[in-house]
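By convention in this document, chain letters (A, B, ...) are assigned in the order of the sequence lines, proteins followed by strands, and residues within each chain are numbered from 1. All values below were derived from every heavy atom in this structure, side-chain atoms included, with hydrogens, water molecules and symmetry-related copies excluded.
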Amino acid sequence: MPARFFERVYAVVSQIPRGTVVTYGQLALALGNPRAARTVGWAIHSAPPERNLPCHRVVSASGALAPDRVFGGSGVQRAMLEQEGVTFFEDGRIDLDKHLWDIAPRSIRHVIP
DNA sequence: GGTTTGACCCGTT
DNA sequence: CAACGGGCCAAAC
């Protein structure tokens, strides 16, 4: 029985290194469903807090962060990322060229379909 | 079972 | 450049 989709999302998210970020679409692609970016977003949104996943390291394809309400305040997610060394453009978007994580198939092979 | 819901993505306007 | 619309998929109801 293959792990449920959400579980596979969590498995990959848990391996995102400090100081790097991943996009929803990138995650979906890595899991074999290039068009499931939306579902990935929902999965992360409903991730159980006790798993301590670095969900602040998941961003949109344009480098934009999640709405403020998600992390309970304006600038919260950005502060966490900056603490890890992630840099931003003046318009508030992440510098993806610098910090986007290259998902190595080796590091997620256990969740690849 | 069908319907609804999302922290999306991309092309088009 | 910003806004809009359609497509997409998995879980919850």
Just checking [X]: does its [atom1] atom have more than 12 heavy atoms from other residues, nucleotides or ligands closer to it than 6.0 angstrom?
| X | atom1 | answer |
| --- | --- | --- |
| A/Glu50 | CD | yes |
| A/Arg51 | CZ | yes |
| A/Gln83 | CD | no |

Whole Å only: how far is the [atom1] atom of [X] from the [atom2] atom of [N]?
| X | N | atom1 | atom2 | value |
| --- | --- | --- | --- | --- |
| A/Arg35 | B/dG6 | CZ | C1' | 19 Å |
| A/Arg4 | C/dA12 | CZ | C1' | 11 Å |
| A/His45 | B/dG6 | NE2 | P | 7 Å |
| A/Ile44 | B/dG6 | CD1 | P | 16 Å |
| A/Leu29 | C/dC9 | CG | C1' | 14 Å |
| A/Trp42 | C/dA11 | CH2 | P | 7 Å |

Could you write out each protein N or O paired with an N or O of nucleotides 3-5 of chain C at a distance under 3.5 Å?
none

- [ ] May I ask you to check if A/Arg93 and A/Phe88 form a cation-pi contact, with NZ or CZ under 6.0 angstrom from the six-membered ring centre and within 45° of the axis?
- [x] no
Would you check if [X] and [Y] make a side-chain contact, meaning some heavy-atom pair closer than 4.5 Å?
| X | Y | result |
| --- | --- | --- |
| A/Val70 | A/Gln77 | no |
| A/Leu31 | A/Ile112 | no |
| A/Val76 | A/Asp68 | no |
| A/Leu81 | A/Leu65 | yes |
| A/Thr39 | A/Phe6 | yes |

Open item on the list: Need one value for A/Phe6: base, sugar-phosphate or nothing, where a base atom within 4.0 Å counts as base even if backbone is also close, heavy atoms only.
Closed with: sugar-phosphate
Open item on the list: Would the distance check show the side chain of A/Tyr10 and the main-chain N or O of A/Ala43 forming a donor-acceptor pair, the cut-off being under 3.5 Å?
Closed with: yes
Task: Exam field: side chain A/Gln26 to backbone A/Trp101, donor-acceptor pair closer than 3.5 Å - done: yes
Open item on the list: Which residues in residues 79-90 of chain A have a heavy atom closer than 4.0 Å to any atom of DNA chain B?
Closed with: none
Task: Contact letters for nucleotides 8-13 of chain B, in which S counts primed atoms plus P, OP1 and OP2 and B counts the base, heavy atoms under 4.0 Å - done: BS----
Open item on the list: At less than 4.0 Å, is any side-chain N or O atom of A/Asn33 found next to OP1 or OP2 of C/dA10? Yes or no.
Closed with: yes
